Amino acid sequence: MEANIRSFIKKNELLKKGATVLVGVSGGPDSMALLHFLWRISGAWNLRLVAVTADHQLRGDESQEDLTYVKRVCANWGIEFSGASLDVPAHKKEEKLGTQVAARNLRYAFFEREMEKFQADYLALGHHGDDQAETMLMGLVHSASVQSLAGIPIMRPFATGRIVRPLLCVTKEAIEHYCLEWGITPRRDPSNHDDTYTRNYYRSHVLPLLKAQNSNLHRTIQHLSESLQEDDAFLMAEAKKIFEEVAVINEEKQSLSFSISSLHNYSRSLQRRFFHLILNYLYEEQPEKLSYVHEDQFFALLTEDTGNARLDFPQQLKVERNYRTMLFYFVDEQLQPYHQILDVPGELELPNSLCFTAYYTDSPGTKGEAIYACRAANVALPLHIRTRQAGDRMRWSGLNGSKKLKDIFIDAKIPLNERDTWPVLADNNGNVLWLAGLKKGLPPGQTEEGPFIQLTCEKREQ
């Protein structure tokens, strides 16, 4: 086992001499074997080791005793120690998360703080070859992405340095034998044998069947993992170049758009990764309900010959095709359909910071898209500022009859996401007078005689 780990570290350049290495230690066999191995080579490598232990407060006194055990062993071995109790139950309840996700979130936040505190170069974790096999099997069964199938990375950037996993080259059995050989008596978490947890089910019922067919499964799996990760890293780097070139980001509106034609010359493989880069940019944490189905929907929308169409993604993310442009945006709750009364004279500010002002005048201004005027005698008060409604139509000078607002929006190529919140001015009889900034209409029987009602629309600074 030791020779394999040394070779694995050298091959993948997982450590450098003179480094500060934090070791995530739970007290179990994997992390204790890792801590002991690094302790044994620390002199030759001139490593500063710090064991970091998190008590998740999930098993009462037992989990606190795990922390105490690691602290005591570190004192015996002369290793620096830093521990913390994390209130996972409270975090789980507050954020409405599963136990494993809540624990992982707090644990890695703790690790990040410790990395910065010690200005560490590495955080070494005890994931082993069987963990890798379990992860890739779960990815194969429950996901359709290359990233999930590729498994646990050997090394990745984290906080002030990198996360490294030197034990991915060895099995759980080899680790247990190492502990026995060196007289290490680790702590045991009973929940590791509860097969109601997905990972434990694969560990207990699936992996043994595969290992019976191939005793070197962990090596085969690790080789596949490294190949997939290397290939994906290359393709992702190419996709990032595309993202930087064609993606138009609006940070204020939390939206992103791109010209559909800009993707035509790229392979489906790069387009797929471009799509996932968009999701990674927009979502702080991708929702569990996001799946390959959404990817298929995106590509269908990308390739179909349509002017306007929209998809609903989790957490109020909308994906919209507006003619030759694709737009990703989150629905702003403040911009949901509205209906408010505008007094004359009076002023009204909408949630999107558009401000309408109405007053009487004998000499109205009529120029400019932000100004509207009509004869007061032909308008039924009060005035209404609202979003469009089914059946809304509009008439204006020179038009034979009236026209649907939907058709006006289409003619003006207004994106779908803007139509539902576009301010509509109507009188108390439902006559649409003005699509603010877009189209000016006339009330029935409009003449040139005053007095007039004049309205202005302007964007207020927030």
Side-chain angles (χ1 to χ4, degrees), residues 1-2 5 14-15 19-43 45 47-89 91 99-100 102-128 130-131 158-168 170 172 174-193 199:
M1 171 174 148
E2 294 181 47
I5 298 174
L14 297 188
L15 296 174
T20 297
V21 183
L22 304 192
V23 188
V25 186
S26 66
D30 314 333
S31 59
M32 291 303 297
L34 175 63
L35 181 64
H36 185 269
F37 174 83
L38 293 175
W39 173 58
R40 289 180 54 231
I41 70 169
S42 61
W45 284 67
L47 302 178
R48 179 191 179 187
L49 294 185
V50 183
V52 288
T53 301
D55 165 22
H56 296 107
Q57 300 186 40
L58 293 172
R59 294 183 291 115
D61 292 340
E62 284 189 16
S63 58
Q64 177 60 44
E65 289 169 4
D66 292 346
L67 187 149
T68 302
Y69 163 77
V70 176
K71 183 177 182 179
R72 183 173 64 251
V73 171
C74 286
N76 291 337
W77 293 352
I79 298 174
E80 294 180 68
F81 172 83
S82 181
S85 293
L86 311 176
D87 196 346
V88 172
H91 182 64
T99 301
Q100 299 300 318
R104 186 185 187 281
N105 287 351
L106 290 188
R107 181 170 66 254
Y108 275 82
F110 165 64
F111 287 158
E112 185 172 1
R113 291 193 299 272
E114 295 300 293
M115 288 283 284
E116 292 171 351
K117 172 182 172 181
F118 290 98
Q119 286 298 293
D121 302 291
Y122 303 101
L123 169 64
L125 300 177
H127 299 98
H128 49 75
D130 288 356
D131 288 329
F158 182 73
T160 58
R162 297 177 177 179
I163 289 177
V164 294
R165 296 179 170 93
L167 302 187
L168 283 177
V170 297
K172 178 71 170 179
I175 290 170
E176 292 284 3
H177 185 268
Y178 181 94
C179 290
L180 185 64
E181 179 184 2
W182 288 96
I184 301 169
T185 307
R187 301 279 295 176
R188 306 282 178 175
D189 182 352
S191 67
N192 287 337
H193 302 286
R199 179 175 291 277

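Please read these numbers as outputs of a predicted model, since none were measured by experiment.
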* To do: Given side-chain contact (heavy atoms from CB on, under 4.5 Å), test Val25 with Met32 step by step and report yes or no.
  => CA-CA 6 Å; Val25 186; Met32 291 303 297; 3.6 Å; yes
Note to self: Walk me through whether Gln100 and Arg104 qualify under side-chain contact (heavy atoms from CB on, under 4.5 Å).
What the structure shows: CA-CA 6 Å; Gln100 299 300 318; Arg104 186 185 187 281; over 6 Å; no
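Residues Ser63 and His56 fail the side-chain proximity criterion, which asks for heavy atoms closer than 4.5 Å. Side-chain contact check for Phe118 versus Arg48: some heavy-atom pair is nearer than 4.5 Å. Between Leu47 and Tyr122, the closest side-chain pair of non-hydrogen atoms is not below 4.5 Å. Taking the side chain as every heavy atom from C-beta outward, Leu35 and Cys74 approach each other to under 4.5 Å.
Rounding to the nearest 0.5 angstrom, the gap separating the CD1 atom in Ile5 from the CZ atom in Phe37 is 5.0 Å. The line from OG1 of Thr68 to CG of Asp61 is 10.0 Å long, rounded to the nearest 0.5 Å. Taken to the nearest 0.5 Å, the CG atom of Leu34 stands 11.5 Å off from the NE2 atom of His128. With rounding to the nearest 0.5 angstrom, the CG atom of Asp55 is 10.0 Å from the CG atom of Asp87. Residue Met1 holds its CE atom at 5.5 Å from CD1 of Ile175, rounded to the nearest 0.5 Å. The distance from atom CG of Leu22 to atom CG of Leu38, rounded to the nearest 0.5 Å, is 11.5 Å.
Side-chain atoms of Ser31 come within 3.5 Å of backbone atoms of Ser26 as a donor-acceptor pair (strictly under, hydrogens ignored). Trp39 places a side-chain N or O within 3.5 Å of a backbone atom of Trp77 that can act as its donor or acceptor partner. The closest donor-acceptor contact from the side chain of Asp121 to the backbone of Thr20 lies under 3.5 Å.
Within a 6.0 Å sphere centred on CG of Asn76, other residues, nucleotides and ligands contribute more than 12 heavy atoms.
Partners of Tyr69 under the side chain to side chain donor-acceptor pair (under 3.5 Å) rule, at least two apart in sequence or in another chain, do not exist in this structure. In this view, Glu116 satisfies the side chain to side chain donor-acceptor pair (under 3.5 Å) rule with no residue, not counting sequence neighbours.
Relative ring orientation between Tyr178 and His36 is described as perpendicular, the plane-to-plane angle rising above 60° on a 0-90° scale split at 30° and 60°.
Closest approach of Gly24 to Phe111, counting heavy atoms only: CA-CZ, 4.2 Å. Across Pro166 and Leu14, no two heavy atoms sit closer than the pair CA-CD1, 3.8 Å. Of all the heavy atoms in Trp45 and Leu15, the pair that sits closest is CZ3-O, 3.6 Å. Taking every heavy atom of both residues into account, Val21 and Ala124 meet most closely at CG1-CB, 4.0 Å. Nearest approach of Cys179 to Ala33, heavy atoms of both residues: SG-CB, 4.1 Å.
Considering Val50, Val23, Ile163 in turn, Ile163 is the only one that fulfils the side-chain contact (heavy atoms from CB on, under 4.5 Å) rule with Leu123. Of the residues listed (Met115, Glu114, Glu112), the one engaging Thr160 in a side-chain contact (heavy atoms from CB on, under 4.5 Å) is Met115, and it is the only one.
Salt bridge annotation for Asp131-Arg165: absent, with no cationic side-chain nitrogen under 4.0 angstrom from a carboxylate oxygen. Using a 4.0 Å cut-off between charged side-chain N and carboxylate O, Arg59 and Glu65 make no salt bridge.
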